[in-house]
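I have placed the structure first, in the form of structure tokens, so that the comments after it can refer back to it.
Quick caveat: nothing in here was measured; it's all calculated off a predicted structure. So that the names make sense, note that chain A is the first sequence line, chain B the second, and so on, each numbered from 1.
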Amino acid sequence: GAGVSQTPSNKVTEKGKYVELRCDPISGHTALYWYRQSLGQGPEFLIYFQGTGAADDSGLPNDRFFAVRPEGSVSTLKIQRTERGDSAVYLCASSSGVGEQFFGPGTRLTVL
Amino acid sequence: EDQVTQSPEALRLQEGESSSLNCSYTVSGLRGLFWYRQDPGKGPEFLFTLYSAGEEKEKERLKATLTKKESFLHITAPKPEDSATYLCAVRHSGGSNYKLTFGKGTLLTVNP
């Protein structure tokens with residue numbers, strides 16, 4: 001069956017610009033997670049959705065980062081006024097309840 | 001705060017040369033230890049979940065084991081296609097028990 005998909009696969013932007021990253025989870029998975037992975041590091045938790053609501057956004061680095069999941073399926077991670085330090089791979093994962101998390105291929109964000 | 005330390009950072013093996021990767025963890029009430037494989041430019045691919053000390057799981061040339069303080073990923077007679085970064089993650093019981101805390105990974109290279 002289809003896994004987690006993420007678009008775009010690569011995004012290059014300029015400092016100060018706004019970007020949106022999209023995640024389409026595995027069909028039927030109610031839980032959705034965003035992680036960020038810097039070079040040579042493991043993924044770091046950003047935010048967790050159960051259904052439509054953000055149950056835990058404690059990993060978001062600051063208020064420039066925001067995520068939504070309006071219909072309980074697709075999620076969008078939004079970053080305002082991007083900075084060079086935001087450059088990383090943004091990973092989305094989904095799970096059925098609190099089970100194993102299945103990851104998408106990631107979006108590589110480069111801020112020039 | 002949960003902590004995960006993986007060693008070695010990098011491991012180079014000859015084809016057929018068995019070895020083990022280590023994952024040491026500190027967590028307040030383990031509610032799952034997870035192993036993932038990550039190929040360059042891809043998202044983490046789920047391999048195993050272990051829940052209690054003494055538990056073992058196998059898949060092809062890989063076997064994961066768990067004690068109260070660490071987990072090992074044993075690779076028997078590896079092949080070049082086993083080359084990847086192997087990530088370990090933990091999930092704790094109690095609040096925010098959906099969040100995975102990852103180690104930095106072990107980069108495994110298997111030479112033909």
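Residues passing the side-chain contact (heavy atoms from CB on, under 4.5 Å) test with A/A88 are A/R36, A/S38, A/Y90, sequence neighbours excluded.
Not one N or O on the side chain of B/E9 forms a donor-acceptor pair closer than 3.5 Å with the backbone of B/K104. In terms of modelled atom types and a separation under 3.5 Å, the side chain of A/T110 and the main chain of A/S87 share no donor-acceptor contact. Judged by distance alone, the side chain of B/T106 and the main-chain N or O of B/P8 form a donor-acceptor pair under 3.5 Å.
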Please report, to 0.1 Å, the donor-acceptor pairs under 3.5 Å made by any side chain of residues 9-24 of chain A, with sequence neighbours excluded.
from: A/Y18; atom 1: OH; to: A/E20; atom 2: OE2; distance (Å): 2.6

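For A/Q101, the parts sitting under 4.5 Å from any heavy atom of chain B are the backbone and the side chain alike. Using a 4.5 Å cut-off between heavy atoms, B/Q38 touches chain A through its side chain atoms alone. Contact of B/L87 with chain A is made through the side chain alone, with heavy-atom distances under 4.5 Å.
For chain B, the option among A/Q37, A/Q50, A/R108 with the highest count of heavy-atom pairs below 4.5 Å is A/Q37. Between chain A and the options B/T85, B/L100, B/D39, B/L107, the largest number of non-hydrogen pairs under 4.5 Å is found for B/L100.
For residues 10-37 of chain B, a heavy-atom distance under 4.5 Å to chain A picks out B/F34, B/Y36, given by residue number. Listed in order of number, the residues of residues 45-53 of chain B that approach chain A to under 4.5 Å between heavy atoms are B/F46, B/T49, B/Y51.
In summary, B/D2 and B/K99 do not engage in a salt bridge, as defined by a charged side-chain N under 4.0 Å from a carboxylate O.
Between the side chains of B/Q3 and B/T101, no donor-acceptor pair is found at a separation under 3.5 Å.
A parallel orientation is assigned to the rings of B/F72 and B/H74, their planes being inclined by less than 30° (bins at 30° and 60°). Ring planes of A/F45 and A/Y35: perpendicular class, angle over 60° (limits at 30 and 60°).
Here the shortest heavy-atom pairing between A/C92 and A/V4 reads O-CG1, 4.0 Å. Summarising the geometry of A/H29 relative to A/R69, their closest heavy-atom pair is O-NH2, 3.1 Å, with the distance given to 0.1 Å.
In the hydrophobic clustering of this structure, A/L32 groups with A/L60; members are Ile, Leu, Val, Met, Phe, Trp, Tyr whose side-chain heavy atoms approach within less than 4.5 Å, directly or through other members.
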